[in-house]
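Heads up: the structure comes next, in structure tokens.
Only a predicted model underlies this, so the values are computations on that prediction, with no experimental measurement involved.
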Amino acid sequence: MADEAKAKGNAAFAAGRFEEAAGHFGAAIALAPDNHVLYSNRSAAYASLGRFTDALADAERTVALRPDWAKGYSRLGAARLGLADAAGAVEAYEKGLALDPSNAALTDGLAQARLALPRARGGDAIGKVFQGPDLWTKIAADPATRAYLDQPDFTQMLREVQRDPGSLNSYLSDPRMVQVLSLLLNIRFQNQNGNEAPEPAPSPPAQSTPPTPPSPTQQPENKPREPEPEPVEMTDEEKERKEKKAAAHKEKEAGNAAYKKKDFETAIQHYTKAMELDDQDISYLTNRAAVYLEMGQYDECIKDCDVAVERGRELRADFKMISRALTRKGTALAKLAKSSKDYDVAIETFQKALTEHRNPDTLKRLNDAERAKKELEQQEYYDPKLADEEREKGNEFFKQQKYPEAVKHYTEALRRNPKDPKVYSNRAACYTKLGAMPEGLKDAEKCIELDPAFSKGYTRKGAIQFFMKEYDKAMETYQEGLKHDPSNQELLDGVKRCIQQINKANRGELTPEELKERQGKAMQDPEIQNILTDPVMRQVLIDLQENPRSSQEHLKNPGVKQKIQKLVNAGIVQMK
């Protein structure tokens, strides 16, 4: 009865009736609750319906029943990816590939998951210290942090940082997390009053046993393979169809061989013959389309792809095959594009391909087409004379303190001429007046990139960094500008202002709120994180605290001295 329900579910799934398929698989599970294949099939049905939470539950049950079955991890990865857990999906696909390295579905899934991974956040580098095997033991052994393990909200934070090091930044406002970070890095951070946090003293191990990760699931005994269906007698018609399929496959292999030799005409003949023998396989069409694409016969390629998509839908072909046909059609359309508008249909075709199957190659081609469209639009719109007119309009509005209007005209000027550093400098000044510091900083950096000798770019960038209270970075910017224009008074004044602010912090004249804000910004700086996690620098900092005289040797090293000064400027370390 369970097999009968499973067969009905398979038939419904193949027909695209996923809700019905899930129902049949559920009925089969009720009759055979330990059959891992049933949970796997229902997970696929739920995923097709977009019910990824249900798909995840079934995938986890599949893996629990058969942890040595690679396909279960494919289901697990798909469900996690559907729930936007790209990191968890990568983990699942990698586990599956460890069991079956040649599995195409797992390989494709891993590629998709890696593409979906978010850009590493600022706390990743320093957050990795929380992933040490003795994390819980260290916290439990120290009297200053031991009690935190009895606080559910803190242990939840700790597990989140272990799972995702990049989440550390969101918890740095919690003094308990700062205390634990100090313990793990063996560094004294300054508290809000400007004093150093006490060095954690060694103590005997705590009485309570720290939480430990769950032990791996025990491997079940090898289960017997499911019985293969017994062969049935074939009719003469079925035998003929089978023979034609075999002949078509041989023609396809011959076509593939000719294609590799770049004998395109012969390849087309073989693929055409294969299509005549077997019209139930659209791969012959997509292969011939690939040959036409290689030959530059783009219209013929598009025709074959359209037929392949239409025929594939009639046959309910694998969505990957339909995606492949659409991708090749999009590529041909992109090759035919003469203007920016011509790329629209190619981009739309790539997008349709991705709805069928999201794979890295199609995504790359889509990105290439969008980039080419944008470049053509820029070329079609390029007009330096009109750009100068728009810049002058922006200048007039800036003088009138109508900054939004000025930004509008500067933006139009850059569309007309994106290589003018003066416009980026002017728009950066507008953004600064409007308080849009990140946008202003981006424009100032682009100005410097286009003309490294243009001093205004450095004054704009330095001023924005100063307003953002990143005094050490602002001073570096001003000093870089002075290399190109040593007598520039704006740059010289900027350096003086930065030195005043840095000295103010060194003298302990910052309020607790200012110190906390400054340290928080510094802890998100990747350069600061790299310094604090460098084993050599950690030892230098310890020596500075415990043996100031002998530590003077460290300061003779220019590289070490520069890094120490970076920490001092950022407010992390005070030198007395």
#### Entry: side-chain contact (heavy atoms from CB on, under 4.5 Å) assessment of H409 paired with E412
CA-CA 5 Å; H409 287 288; E412 180 63 19; 5.6 Å; no

### Query
Should the heavy atoms of other residues, nucleotides or ligands under 6.0 Å from CZ of F319 be counted, would the total exceed 12?
yes

### Message
Taking the ring centre of each residue, are H484 and F454 less than 6.0 Å apart?
### Response
no

### Query
Which heavy atom of A111 sits nearest a heavy atom of P360, and at what distance?
CB-CG, 3.3 Å

### Query
How many angstroms lie between CG in L326 and OG1 in T286, if you round to the nearest 0.5 Å?
11.0 Å

### Message
I'd like to know whether D534 forms a salt bridge (Lys or Arg N to Asp or Glu O under 4.0 Å) with K563, so could you lay out the CA-CA distance, the side-chain angles of the two residues, the decisive distance to 0.1 Å, and finally the verdict.
### Response
CA-CA 11 Å; D534 183 347; K563 291 178 180 179; 3.7 Å; yes

#### Entry: Flag side-chain contact, heavy atom, 4.5 Å: D318 against M321
yes

### Task
With the side chain counted from C-beta on, respond yes when K469 and Y471 share a heavy-atom pair under 4.5 Å apart, and no when they do not.
yes

### Query
Are T331 and F350 close enough that some pair of their side-chain heavy atoms sits under 4.5 Å apart?
yes

### Summary
For A428 and I464, the nearest pair of non-hydrogen atoms, with its separation, is O-CD1, 4.5 Å

### Query
What distance separates K419 NZ from N417 CG, expressed to the nearest 0.5 Å?
9.5 Å

### Query
Hey, does the Lys NZ or Arg CZ of R415 hover above the aromatic six-ring of Y381, less than 6.0 Å from the centre and inside 45° of the axis?
yes

### Query
Which pair of non-hydrogen atoms, one from G394 and one from A406, has the smallest distance, and what is that distance?
O-CB, 3.4 Å

### Query
Can you tell me if Y410 uses its side chain to pair, donor with acceptor, with the backbone of N395 under 3.5 Å?
yes

#### Entry: Basic-acidic side-chain contact under 4.0 Å: D368, R371
yes

### Query
Going by heavy atoms in the side chains, are Y298 and Y292 under 4.5 Å from each other?
no

### Query
Would E480 and K483 pass as an ion pair if we require N to O under 4.0 Å?
yes

### D85 (side chain) donor-acceptor with L81 (main chain) under 3.5 angstrom
no

### Heavy-atom closest pair, residues A325 and A308
CB-CB, 4.0 Å

### Query
For A89 and A113, which heavy atoms make the closest approach, and how far apart are they?
CB-CB, 3.8 Å

### Task
State whether a side-chain donor-acceptor pair under 3.5 Å links R365 with T327.
no

### Task
For the residue pair F398 and Y403, categorise the inter-ring angle as parallel (less than 30°), tilted (30 to 60°) or perpendicular (more than 60°).
perpendicular

### Task
Could you tell me whether K408 and E390 make a salt bridge, using a distance below 4.0 angstrom between a side-chain N and a carboxylate O?
no

### Query
Should the heavy atoms of other residues, nucleotides or ligands under 6.0 Å from CZ of R311 be counted, would the total exceed 12?
yes

### Message
Working note: V309 + R313, criterion side-chain contact (heavy atoms from CB on, under 4.5 Å); need CA distance, chi angles, decisive distance, verdict.
### Response
CA-CA 6 Å; V309 171; R313 298 202 188 284; 3.8 Å; yes

### Task
Compare all side-chain heavy atoms of N426 with those of K456 and state whether any distance is below 4.5 angstrom.
no

### Query
Taking C-beta and beyond as the side chain, do R176 and D153 meet within less than 4.5 Å on heavy atoms?
yes

### Query
Side chains of D108 and Q112: donor-acceptor distance under 3.5 Å anywhere?
no

### Flag if over 12 foreign heavy atoms under 6.0 Å of NZ, K320
yes

### Message
Assess the residue pair T155 and R159 against the criterion (side-chain contact (heavy atoms from CB on, under 4.5 Å)); give the C-alpha distance rounded to whole Å, side-chain angles, the decisive distance to 0.1 Å, and a yes or no.
### Response
CA-CA 6 Å; T155 56; R159 288 195 177 93; 4.0 Å; yes

### Summary
With S340 as partner, the option from Q378, E380, K373 fulfilling side chain to side chain donor-acceptor pair (under 3.5 Å) is E380

### Task
Output the distance between atom CG (D443) and atom CD1 (I448), rounded to the nearest 0.5 Å.
11.5 Å

#### Entry: Residue among T349, D304, D306 satisfying side chain to side chain donor-acceptor pair (under 3.5 Å) with K329
D306

### Message
Do R416 and Y382 form a cation-pi contact, if we require the NZ or CZ to be under 6.0 Å from the six-membered ring centre and within 45 degrees of the ring's axis?
### Response
no

#### Entry: Donor-acceptor under 3.5 Å (Y93 side chain, A78 main chain)
yes

### Task
State, to 0.1 Å, how close L414 and D420 come at their nearest heavy-atom pair, and which atoms those are.
CD2-O, 4.1 Å

### Query
How far does OH of Y424 sit from OH of Y431, to the nearest 0.5 angstrom?
10.5 Å

#### Entry: side-chain contact (heavy atoms from CB on, under 4.5 Å) assessment of D388 paired with E392
CA-CA 6 Å; D388 290 341; E392 289 302 322; 5.7 Å; no

### Query
Between S425 and R460, does any side-chain donor sit less than 3.5 Å from a side-chain acceptor?
yes

### Query
Do S323 and N359 have side-chain heavy atoms sitting under 4.5 Å apart?
yes

### Query
Tell me, do Y458 and N488 make a side-chain contact under 4.5 Å, heavy atoms counted?
no

### Task
Please round to the nearest 0.5 Å and tell me the distance separating atom CD of E439 and atom OG1 of T432.
10.0 Å

#### Entry: Inter-residue atom distance K473.NZ - K461.NZ, 0.5 Å rounding
9.0 Å

### Message
Taking atom CD as the centre, does E310 end up with more than 12 heavy-atom neighbours from other residues, nucleotides or ligands that are less than 6.0 angstrom away?
### Response
no

